[in-house]
Amino acid sequence: MNAHASGFDLIVIGGGSGGLAGAFRAAEHGARVALLEPHLLGGTCVNVGCVPKKAMWLAAEVAGRLRLAHTLGFDVGPADACTLDWPEFIVHRERYIAGIHASYRRRLDAAGIMVVPSFGRFVDARTVECENGTLLRGQRILIATGGRPQRPEIPGADLAAVSDDFFQWRAAPERVAVVGAGYIAVELAGLLQGLGSRVELFGRGQRLLAGFDQELAEQLAEDYRQSGLRLHFGHSVSALEKDGARTRVRCEDGSLSEAFDAVLFAIGRRPNSERLQLERAGVVTEAGGQVAVDERHATNVEGIYAVGDITSNAQLTPVAIAAARRLMDRLYGGATALLDARNIPTVVFSHPPLAQVGLTEMEARALHGDAVQVFRAGFRPMLAALADIPQRSLFKLVCVDAERRVVGIHLLGEAADEILQGFAVALRRGITLDDLRDTVAIHPTSAEEVVLMR
């Protein structure tokens, strides 16, 4: 072991969204920062998450638009000829991601942050050891090592891919089984169906997207069925079985599926905490391996903090970034503000997208009982109506008390991902149903349904 120990104001373990945000903000306040990242900068979001996922989602959206164009009279050839040249598209996707990497490197150099291409593990509460034995000492340490997809411990599990592996695919498999019913499963199933695969989704529960509003999840399931995607609820997968070059899904009830060209697990994620040797620093973890933190994102050990998917906080890139920035503003800038974990807007990039902020109807009724009022707007967006396709949108407002204060906004439909942001600001400011109704609508749009709801 190298006995030399370099001293820093802050050591950041992990160069994903949260770690980078913390390093940049601390450096802005004048802190001397070291950042340890053994892989690509940007972590899950930039490399095997939000960014490449959104690129593939956009490709599926374009494919859908091309099919609609044929229906509406554009001379674009047969509807089934709208196929994606995956290798060509991936060139564009990876070029975009390479630009993000280059931007990070420029900013790190400009900020004077020392980047160490290495894993880090604790020696004690102030010392981190790199893979080559170099020791780094820091007055404070930020853990931001993120998480990774889970693979179930069932027979034949190695026959399937996990969500990270999807981004290495270079073609749409003809038939795909997606195991899971959370947002990652729903997103990947939708975009694969949109890009030409025949997709079946196997969920062990009775619905999509537990934790999201049930009515919208049910409407999304119907939209998926209308697009040709097959949904199997109450199907807990017990094994995968090889069938020549293909794979079958065995469920706990004994049923055996038809053969698939690819199977994809999207059953949740686990924190990257095993290699950190947290016990050397005395850092407490939760049962699932997450680093335990309080509302200040502080661990039980003074001077050690954690943000992002390594904790049990919401696994959303903007949450990790916001938490890291506020933390560094408190530590080095004299600020006092904490991250308000209430009313965080989120979007599932399904087809169509589902967006929500605030309480679901069920959560609101548990808190407010009979004081809850719910308003809905179900409709076909104009393009779907023009093309005479069955896809439907469903917008929903959850209000409480006599003033009908809006405590939940739930949008399923075209452009819901873009519509929600402004309304999320309004909800956080305490908007009421009358405030929405007093706002003149923009017509004809889907967004106008929010202010016209009765």
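Please read all numbers here as calculations on a predicted model, not as lab measurements. The chain is numbered in sequence order, starting from 1.
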*Whether H410 side chain and L359 backbone form a donor-acceptor pair below 3.5 Å*: yes
*Any donor-acceptor pair under 3.5 Å from R404 side chain to T432 backbone*: no
*Between E414 and R65, does at least one N-O distance fall below 4.0 Å, as a salt bridge requires?*
yes
*asked:* Does either side chain, that of Q219 or that of E215, offer a donor lying less than 3.5 Å from an acceptor on the other one?
replied: no
_Check ion pair R198-E258 (N to O, under 4.0 angstrom)_ = no
*Is the backbone of S227 close enough, under 3.5 Å, to the side chain of Q193 for a donor and an acceptor to pair up by distance?*
yes
_I need the minimum non-hydrogen distance between P271 and I310, along with the two atoms involved._
CB-CD1, 3.8 Å
*More than 12 foreign heavy atoms under 6.0 Å from CZ of F74: is that the case here?*
no
*asked:* Whether the side chain of N47 engages the backbone of L41 through a donor-acceptor N/O pair (distance < 3.5 Å, no angle test) should be reported.
replied: yes
_R204 atom CZ, neighbour heavy-atom count above 12 within 6.0 Å_ = no
*Steps toward side chain to side chain contact (heavy atoms under 4.5 Å, CB included) verdict (L108, L20)*: CA-CA 9 Å; L108 289 162; L20 285 164; 4.2 Å; yes
*Taking the six-membered ring for Trp, are F89 and W86 ring centroids under 6.0 Å apart?*
no
*Looking at R325 and E28, does any basic side-chain N land under 4.0 Å from a carboxylate oxygen?*
no
*Taking side chain as C-beta onward, heavy atoms only, is L72 less than 4.5 Å from L383?*
yes
*Do the side chain of D213 and the main chain of T360 share a donor and acceptor less than 3.5 angstrom apart?*
no
_Tell me if a side-chain donor or acceptor on S350 pairs with a main-chain N or O of V186 at a distance below 3.5 Å._
no
*How about P149 and F265: do any of their side-chain heavy atoms sit closer than 4.5 Å?*
no
*asked:* Could you check whether R230 makes a cation-pi contact with F260, meaning its NZ or CZ is under 6.0 Å from the centre of the six-membered ring and within 45° of the ring axis?
replied: no
_Nearest 0.5 angstrom please: R270 CZ to Q290 CD, how far?_
10.0 Å
*May I ask you to check whether T145 and R275 show a side-chain donor-acceptor distance below 3.5 Å?*
no
*A160 backbone acceptor or donor facing R151 side chain under 3.5 Å*: yes
*Over all atoms of both residues, closest heavy-atom pair of F379 and S446*: CE1-OG, 3.7 Å
*asked:* Checking S312 against E286: is there a side-chain donor and acceptor pair closer than 3.5 Å?
replied: yes
_Between S273 (side chain only) and G289 (backbone N and O only), is there a donor and an acceptor less than 3.5 Å apart?_
yes
*Are side-chain N/O atoms of S255 and D253 paired as donor and acceptor at under 3.5 Å?*
yes
*Would you indicate whether the side-chain heavy atoms of L433 and Q373 approach each other to under 4.5 Å?*
no
*Any chance the side chains of R95 and H92 put a donor and an acceptor closer than 3.5 Å?*
yes
*Gap separating the CG atom of L68 from the CD1 atom of I389, nearest 0.5 angstrom*: 4.5 Å
*Only one of V425, V357, D417 passes side chain to side chain contact (heavy atoms under 4.5 Å, CB included) with P345; say which it is.*
V357
*Do the side chains of L192 and F166 get nearer than 4.5 Å, heavy atoms only?*
yes
*Within a reach of under 6.0 Å around CD of Q226, are more than 12 heavy atoms found that belong to other residues, nucleotides or ligands?*
yes
*Around R342, counting heavy atoms of other residues, nucleotides and ligands shown, do more than 12 lie under 6.0 Å from its CZ?*
no
*Can R429 and D435 be counted as an ion pair, charged N to O under 4.0 angstrom?*
no
*How long is the span from the NZ atom in K54 to the CZ atom in F349, to the nearest 0.5 Å?*
4.0 Å
*Would you say L338 and R326 make side-chain contact, with heavy atoms under 4.5 Å?*
no
*Quick check: does any side chain N or O of D223 sit under 3.5 Å from a backbone N or O of R392, one acting as donor and the other as acceptor?*
yes
*Hey, is CZ on F233 packed in by over 12 heavy atoms from elsewhere, all under 6.0 Å?*
yes
*Checking side chain to side chain contact (heavy atoms under 4.5 Å, CB included) against F202, which of V237, V178, L231 comes through?*
V237
*Donor-acceptor contact present, side-chain R25 to main-chain M328, <3.5 Å*: no
